[in-house]
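Data block below; observations after.
Each chain gets a letter, A, B and so on, in the order its sequence line appears, and its residues count up from 1.
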Amino acid sequence: MSDPSSRADHAPRPTSSGPGRVLIAVYAIFALSATARAAVQIATKFSEAPVAYLLSAFAGVVYILATIGLAGSGPGRRRLAWVAVGIELVGVLAVGTLTALDTADFPSDTVWSLYGRGYGFVPLVLPLVGLWWLRRTRGR
Amino acid sequence: MIGALVIVVYVATGLLALYGLVRTAQGRHPGRDIRIGVGIVEALLVVQAVIAAYRVLGGGVTLPEQGTFLIYLVVSICVLPIGMQFAVTEPTTRWGGAVVTVAAIGTGVAVWRLAELWAAANV
């Protein structure tokens, strides 16, 4: 992937304008709900399923970083958004597949369990839209 | 939770979500109209939150997941004002309405979770 640092009229467009704002709003809501949920789970019943709750917290952090990356401007924030949304996609696919194969190890308690079925599969669609938007706005 | 009020809140957030979409479809930037809409829904949410918080903290209702309930209560009143601020600070595009739609749906889901948590204690 070429570094979008060339000047002139092919500069990257900001990810935070136009439909990007709708995307950021969805990311912000997921950041808030995943993080708050994980915080409560870890504070009240951590020993019941430590792996699942740590995973919830990790997902929350990924959503926060993606929100910050998409809402900001400049190459640094864009790189942060690429990495966070990429991790998000890998995470939802990995956790989704693991939970679909065997639910014993994971209570269906994380955002990414069963490809995000508990959240209307939005967690599966969101990183795809995010990557598409980053690609579309990157300039040449 | 507070029976009838929950239904009213569902309808209000649903209408607000639709209105945001209509605004985006029309290509119009949200203005005074959407502020009024958000204001009305927000007033309903605050009334609901005050009643629920009073009944949980002072009225003797015991919930199995009280901490979660109170967090959702705070979320239910915070999301719309923040969402609207985010929607109107970009002056030039049609997408502000859709941002309000996302915030309204998020709020509706939070209220739905509240009602579920409430029902768990009062079956």
Using the rule that Ile, Leu, Val, Met, Phe, Trp and Tyr join whenever any side-chain heavy atoms are under 4.5 Å apart, tell me whether [X] and [Y] fall into a single cluster.
| X | Y | value |
| --- | --- | --- |
| I68(A) | L70(A) | no |
| L131(A) | V62(A) | yes |
| F58(A) | V61(A) | no |
| L89(A) | V83(A) | yes |
| L18(B) | V111(B) | no |

Subject >> Where I29(A) and G106(B) come nearest, the two heavy atoms and their spacing >> reply: CD1-CA, 4.1 Å
Original post:
Got a sec, which residues hit side chain to side chain donor-acceptor pair (under 3.5 Å) with W95(B), two or more places apart in sequence or on another chain?
Top reply: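 Partners of W95(B) under the side chain to side chain donor-acceptor pair (under 3.5 Å) test: none.
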Subject >> Interchain contact, A103(B) with chain A, by part (heavy-atom threshold 4.5 Å) >> reply: backbone
Original post:
Under a 4.5 Å heavy-atom cut-off, does chain A meet the side chain of V79(B), its backbone, both or neither?
Top reply: side chain
Subject >> Region of S16(A) that comes under 4.5 Å of a non-hydrogen atom in chain B >> reply: backbone
Original post:
Tell me, side chain or backbone of V40(A) under 4.5 Å from chain B's heavy atoms, or both, or neither?
Top reply: side chain
Original post:
Considering heavy atoms only, which positions within residues 35-47 of chain B lie below 4.5 Å of chain A?
Top reply: none
Subject >> Inter-residue atom distance R37(A).CZ - I71(B).CD1, 0.5 Å rounding >> reply: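 Taking CZ in R37(A) and CD1 in I71(B), the distance rounds to 12.0 Å.
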**OP:** Please check if atom OH in Y54(B) has more than 12 non-hydrogen atoms from other residues, nucleotides or ligands closer than 6.0 Å.
**Re:**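 No, not enclosed.
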Original post:
Has the side chain of R21(A) got a donor or acceptor atom that lies under 3.5 Å from a matching backbone atom of F86(B)?
Top reply: yes
Original post:
Checking side-chain contact (heavy atoms from CB on, under 4.5 Å) for the pair T44(A)/Q66(B): CA distance, chi angles, key distance, verdict?
Top reply: CA-CA 11 Å; T44(A) 59; Q66(B) 183 162 320; over 6 Å; no
